[in-house]
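Encoded as structure tokens, the structure appears first; notes follow it.
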Amino acid sequence: MVRTATTPRPISIVPSVLPADFARLGEECQALEKAGVDRIQWDVMDGQFVPNLTFGPDVIAACRPHVGVPFEAHLMVETPDLLLERYAEAGCELLIVHAEACPHLHRTLGHVREAGAKAAVALNPATPISAVQHVLDLVDMVLVMTVNPGFGGQEYIATMEPKIAELRALIVERGLDVDIEVDGGIGPATISAAAAAGANVLVAGSALFRDPEGLEHAVRDLRSRAEAAAGLA
Ligand code: DX5
């Protein structure tokens, strides 16, 4: 099917492994794959751009052979240009850089592609979509953060919904094939509003791992809520 800017975009449910058991990351990734996720997001944090310090490329490379679903790296780091190639080499097929950490964002996105990965830009809650309007032709996805990055389990910032809708309208107006991802506080109570606003890639950490009925139920429930909200059900 030829996908255009107005074609309803398929919903993807993407777990953050931030809440996972770090002592069993390979098994946790296998359980996520079995639960039916579309890909896995690694929250890479350097202790500078955000307070937390998480996964180096070697940790991701160690998990790569044990899982079939694609990996994406959310690079919450001060120096993405110095690190991005290593995350591509570790097996992440999509790299997300923060607009706030890239003084030469146009060049950095080219660097991501030269490293053989798909490119995405993340926007913190206070960053306007104007930060990406001149590079939308260079990205496969824009991540609209619905929390201030650095920790899992934070409260969803609903005031991001008009920003999601504004970005979706800009993408459609330009006739571009670009996904919108949201990340932070996404769960049963918030995913419908985010999808209705225009997000089609939904990252969830706490909501997945905390579901008392297990990962498979959580993925199925979130997907059905998002598809209904997006008019895809
Ligand atoms: C930024 C991180 C978190 C994590 C998911 O701090 O990117 O958003 O992925 O967080 P929760 O647990 O809210 O889904």
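Numbering of residues begins at 1 and proceeds along the displayed sequence. Remember, it's 1-based here, ligands and their atoms both numbered in the order they're listed.
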Q | Nitrogen or oxygen atoms of Asn148 and ligand 1 under 3.5 Å apart | A | no
Q: May I ask you to check whether Asp43 and Thr54 show a side-chain donor-acceptor distance below 3.5 Å?
A: no
Q. Of all the atoms in ligand 1, which lie at a distance below 4.0 Å from a heavy atom belonging to Gly184?
A. 8 (O), 13 (O)
Q: Report the distance from atom OG1 of Thr108 to atom CD of Glu114, rounding to the nearest 0.5 Å.
A: 10.5 Å
Q) Of all the atoms in ligand 1, which lie at a distance below 4.0 Å from a heavy atom belonging to Ser206? A) 11 (P), 12 (O), 14 (O)
**Q.** Atoms of ligand 1, numbered as shown, that sit under 4.0 Å from any heavy atom of Pro149
**A.** 1 (C), 6 (O)
(Q) I'd like the name of whichever of Asp183, Leu202, Leu18, Leu208 reaches closest to atom 5 (C) of ligand 1 through any heavy atom. (A) Asp183
Q: Please round to the nearest 0.5 Å and tell me the distance separating atom CG of Leu136 and atom CD1 of Ile129.
A: 8.0 Å
Q | 4.0 Å heavy-atom contact, Gly185 with ligand 1 | A | yes
Q | CD on Gln133 to CG on Leu170, rounded to 0.5 Å | A | 7.0 Å
Q: Please could you name the atoms of ligand 1 that Gly152 approaches to less than 4.0 Å, counting only its heavy atoms?
A: 10 (O), 12 (O)
(Q) Looking only at side-chain N and O atoms, does His66 offer a donor or acceptor that is under 3.5 Å from a partner on Glu27? (A) no
Q.
Can you confirm whether the side chains of Tyr87 and Glu72 place a donor and an acceptor under 3.5 Å from each other?
A. no
Q | atom 14 (O) of ligand 1: nearest protein contact (heavy atom, Å) | A | Gly205 N, 2.7 Å
Q: Enter the distance from Glu166:CD to Glu173:CD here, rounded to the nearest 0.5 Å.
A: 10.5 Å
Q.
With heavy-atom distances below 4.5 Å as the criterion, would you say the side chains of Trp42 and Ser16 are in contact?
A. no
Q: Number the atoms of ligand 1 from 1 as they appear, then name those within less than 4.0 Å of a heavy atom of Asp43, with their elements.
A: 2 (C), 4 (C), 7 (O), 9 (O)
Q.
Under 4.0 Å from a heavy atom of Ala204: which atoms of ligand 1 are those, numbered in the order shown and with their elements?
A. 14 (O)
Q. Which of the listed options, Pro19, Gly153, Gly150, holds the heavy atom that is closest to atom 1 (C) of ligand 1?
A. Gly150
